*Asks:* 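Questions regarding the structure given below will be posed in turn.
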Amino acid sequence: MCGIVGYVGDKEAAPVLIKGLKRLEYRGYDSAGIAVLGRAGLEIRKSKGALKKLEERIAGELGEGALDGSMGIGHTRWATHGEPSDINSHPHTDVSGKIAVVHNGIIENHAKLKSRLIEHGADFRSETDTEVIAHLINFYYEGDILQAVIRAMKRLEGSYALGIICGNNPDRIIAVRKESPLVVGTGKGENLIASDVPALLEYTRDVYYLDDREIAVLYRDRIEFYNEEGERRLKESHHIKWDAAAAEKSGYEHFMIKEIHEQPKALRDTLRARIKTGDTNINLEEIGFDASWAKMERVIIAACGTAWHAGVIGKYAFEKFARVHTEAEIASEYRYRNPIFNPKDIFLIISQSGETADTLAAMRLAKKGGARIIAITNVVGSTLAREADLVMYTLAGPEIAVASTKAFTTQLMCIYLISLQLGRLRETIGDTELTDHIEALKRLPEQAERILSEKENIQRFASLQFNKSKVFYMGRLFDYAASLESALKLKEISYTHSEAFAAGELKHGPIALVDDTTLVTALCTQPALFDKMGSNIKEVKARFAATAVITYEDVDYFDKTADQVFRIPRTLDSLSPILTVIPCQLYAYYCSVLRGLDPDKPRNLAKSVTVE
Ligand code: AGP
């Protein structure tokens with residue numbers, strides 16, 4: 001959701017900015033722009049639509065004297081205030097045209113600020129909330145851009161990550177953030193900013209994660225950090241270990257299919273960091289999950305989208321293994337609900353990006369209420385990781401596709417490890433049951449590989465079904481939770497009307513929707529409930545729906561009932577979502593491609609939802 005880049009160094013800035021923006025395309029955008037500060041002063045180019053359009057627009061100018069500076073900022077915009085258009089694209093400038101700003105986030109008091117600034121002579125050209133920032137900084141500008149930014153910050157309400165350049169201070173970029181992500185990269189003779197690490201990796205692996213309300217001033221040869229009072233701060237850099245190739249497609253047609261295929265490795269890495277080869281003990285002491293957590297009386301899980309689906313599975317897992325009362329809450333609902341806290345609550349927050357606005361708000365609310373916070377996230381140094389009491393990283397590597405796949409299955413791996421360990425500490429799970437589950441977890445990466453090796457079956461099925469106007473997923477318990485995620489995946493990238501039902505709810509309403517234009521896929525991995533699922537499948541068949549079942553390879557129970565049966569390797573019932581979701585991810589991917597869509601860039605969606 002909006003991408004920011006900035007460069008100061010010896011290179012021509014424009015190509016560096018465009019390249020960086022390309023690396024951030026996955027975040028979702030509808031227009032793009034850059035500002036370069038060079039011999040010709042501050043030059044801005046922006047364009048509605050794909051980055052390619054902007055690239056084509058400036059291609060002819062490069063080398064012709066235009067846009068020839070070695071410092072600049074760039075932006076991909078995901079419209080919130082004002083339609084996607086050239087004029088609403090960033091960067092935005094003040095009246096004098098000397099200050100340029102790129103912004104990710106929402107300025108909540110922009111209307112009030114705008115009318116005050118108009119009274120002081122500001123002339124607004126766009127409908128954006130961002131433009132007030134440029135005018136406000138100009139209002140406070142008395143020769144020192146840093147001081148003007150500090151004064152402007154005190155007036156801004158809402159969330160922001162900002163890149164700012166000023167024609168009168170042509171050797172520096174100002175970067176600042178509040179509740180929106182921004183990373184600072186430090187190279188040799190060049191420094192950069194970006195919304196996310198992949199945009200920096202070609203130039204450096206050494207990065208600084210800005211704290212809330214912290215300011216970085218980037219010069220070609222140094223970076224200074226300040227707090228919002230303008231006091232200097234010392235900061236430690238982090239070295240990024242993952243390879244730049246991890247953020248490339250590596251021969252796959254799309255990031256999504258690449259990331260689906262990366263799941264066996266991601267699961268293995270996430271597991272091995274906590275259970276050494278040959279060992280049967282879960283080691284979570286290193287991340288601070290010690291015996292003190294066993295005294296907690298309730299687990300509240302909060303997350304959004306796919307991460308919330310992982311949370312629903314978490315609810316079942318915590319209740320089963322640790323016998324602790326658990327709720328899975330949608331973060332955007334939770335934050336406005338005046339919830340009841342108890343200092344004996346474990347608040348488990350799940351987020352791939354670690355930057356989702358609603359998820360962060362729910363966490364801060366719980367923290368204020370006295371809960372102890374555990375974060376499961378994929379992004380080292382993210383806001384979530386920095387603010388939680390304890391962090392367990394999913395070792396999935398960068399997830400670029402908007403539709404989350406490997407983040408989901410590795411989130412589940414973390415949930416199983418924490419819930420099993422809590423069960424051991426609370427003595428609610430026996431040694432044999434614990435060992436059985438740990439052994440079963442170890443088999444999952446290889447089992448995921450086997451499912452992927454048979455992906456052609458799913459592709460063939462998708463080629464017959466991709467035009468279905470309605471696709472429903474149903475299941476019970478763990479299968480219901482996996483159905484939620486399967487339906488989301490399909491709707492996100494194929495734009496098919498797709499829903500998930502707890503199979504027992506079918507007769508309470510959803511069956512009214514079933515007809516001969518419907519495909520119903522039943523997830524059936526809970527043997528105690530096979531009879532019930534069998535009846536549900538017969539009920540939708542009787543209404544002329546096409547039916548598919550995903551079940552274990554040694555189960556023939558559904559062979560005569562369903563039109564199509566897909567088989568997955570046998571695992572323990574509670575761990576099955578890690579496997580059942582893979583054929584559903586593949587099905588969504590193939591449907592998207594067969595419909596001529598780009599699964600990596602679904603319409604209206606952004607990878608990281610950093611505003612409400
Ligand atoms: C997943 O396919 C979605 N794009 C979306 O639901 C996502 O899971 C959600 O926005 C939460 O993101 P987070 O994990 O980064 O917090």
Side-chain angles (χ1 to χ4, degrees), residues 1-2 26-28 78 104 179-181 195-197 254-257 259-260 263 266 301-314 328-335 348-364 373 375-385 387-388 391-394 396-412 414-415 481-482 484-496 498 500 581-582 584-589 591-592 597-612:
M1 186 164 268
C2 295
Y26 72 91
R27 297 170 69 83
W78 193 87
N104 176 10
E179 295 166 20
S180 274
S195 298
D196 202 356
V197 172
H254 298 102
F255 279 112
M256 183 180 175
I257 191 72
E259 288 161 7
I260 289 174
Q263 290 179 109
I301 306 175
C304 298
T306 287
W308 176 68
H309 298 154
V312 175
I313 294 164
E329 304 278 359
I330 295 170
S332 55
E333 289 283 306
Y334 190 77
R335 62 182 292 191
L348 176 62
I349 289 278
I350 309 170
S351 170
Q352 187 284 132
S353 61
E355 301 291 351
T356 301
D358 285 321
T359 308
L360 291 176
M363 174 185 69
R364 287 171 184 150
I373 315 286
I376 294 178
T377 184
N378 196 36
V379 180
V380 177
S382 57
T383 307
L384 185 60
E387 293 188 17
V391 185
M392 185 161 181
Y393 286 109
T394 48
E399 191 180 66
I400 307 290
V402 168
S404 190
T405 53
K406 60 178 180 170
F408 176 70
T409 44
T410 52
Q411 282 162 359
L412 293 184
C414 291
I415 284 168
L484 290 168
E485 173 57 10
S486 304
L488 178 71
K489 228 55 331 154
L490 186 63
K491 74 173 74 140
E492 274 188 301
I493 56 168
S494 76
Y495 317 149
T496 308
S498 172
V581 79
I582 297 175
C584 302
Q585 295 168 343
L586 287 166
Y587 182 74
Y589 173 77
C591 284
S592 173
L597 304 169
D598 180 349
D600 283 347
K601 293 185 202 124
R603 68 184 178 202
N604 306 336
L605 296 180
K607 178 66 182 164
S608 176
V609 184
T610 51
V611 295
E612 270 193 83

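Just so you know, these numbers come straight off a predicted model, no measurement behind them. Every number for a ligand or one of its atoms is a count from 1 in the order of the listing.
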*Asks:* Rounded to the nearest 0.5 Å, what's the gap from SG on Cys304 to CD on Glu329? Could you check?
*Replies:*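 The distance works out to 12.0 Å.
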*Asks:* What's the shortest heavy-atom distance between Glu259 and Pro398, and which atoms?
*Replies:*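 Minimum heavy-atom contact is OE2-O, 3.9 Å.
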*Asks:* Tell me every residue that passes side-chain contact (heavy atoms from CB on, under 4.5 Å) with Ala403, counting only those two or more places apart in sequence or in another chain.
*Replies:*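 Checked Ala403 against side-chain contact (heavy atoms from CB on, under 4.5 Å); matches are Met256, Lys489, Glu492, Ile493.
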*Asks:* Could you give the N/O to N/O pairs under 3.5 Å linking ligand 1 and the protein, each with its distance?
*Replies:*
residue  : atom   : partner : partner atom : Å
ligand 1 : 2 (O)  : Thr306  : OG1          : 3.3
ligand 1 : 2 (O)  : Ser404  : N            : 2.8
ligand 1 : 2 (O)  : Lys489  : NZ           : 2.9
ligand 1 : 2 (O)  : Glu492  : OE1          : 2.7
ligand 1 : 2 (O)  : Glu492  : OE2          : 3.0
ligand 1 : 4 (N)  : Val402  : O            : 3.0
ligand 1 : 4 (N)  : Glu492  : OE2          : 2.8
ligand 1 : 6 (O)  : Thr306  : N            : 3.3
ligand 1 : 8 (O)  : Thr306  : N            : 3.1
ligand 1 : 14 (O) : Gln352  : N            : 2.6
ligand 1 : 15 (O) : Ser351  : OG           : 3.4
ligand 1 : 15 (O) : Ser353  : N            : 2.9
ligand 1 : 15 (O) : Ser353  : OG           : 2.6
ligand 1 : 15 (O) : Thr356  : OG1          : 3.4
ligand 1 : 16 (O) : Ser351  : OG           : 2.6
ligand 1 : 16 (O) : Thr356  : OG1          : 2.5

*Asks:* Please report the closest heavy-atom contact between Leu586 and Ile260, naming both atoms and the distance.
*Replies:*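 Scanning both residues completely, I find the closest heavy atoms to be CD2-CG2, 3.9 Å.
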*Asks:* On a heavy-atom basis, which atom in Asn104 and which in Pro181 lie closest, and how many Å separate them?
*Replies:*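 Nearest heavy atoms, Asn104 then Pro181: ND2-CD, 4.2 Å.
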*Asks:* What pair of heavy atoms forms the shortest contact from Ala407 to Thr410, and how long is it?
*Replies:*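 Closest approach of Ala407 to Thr410: O-OG1, 3.0 Å.
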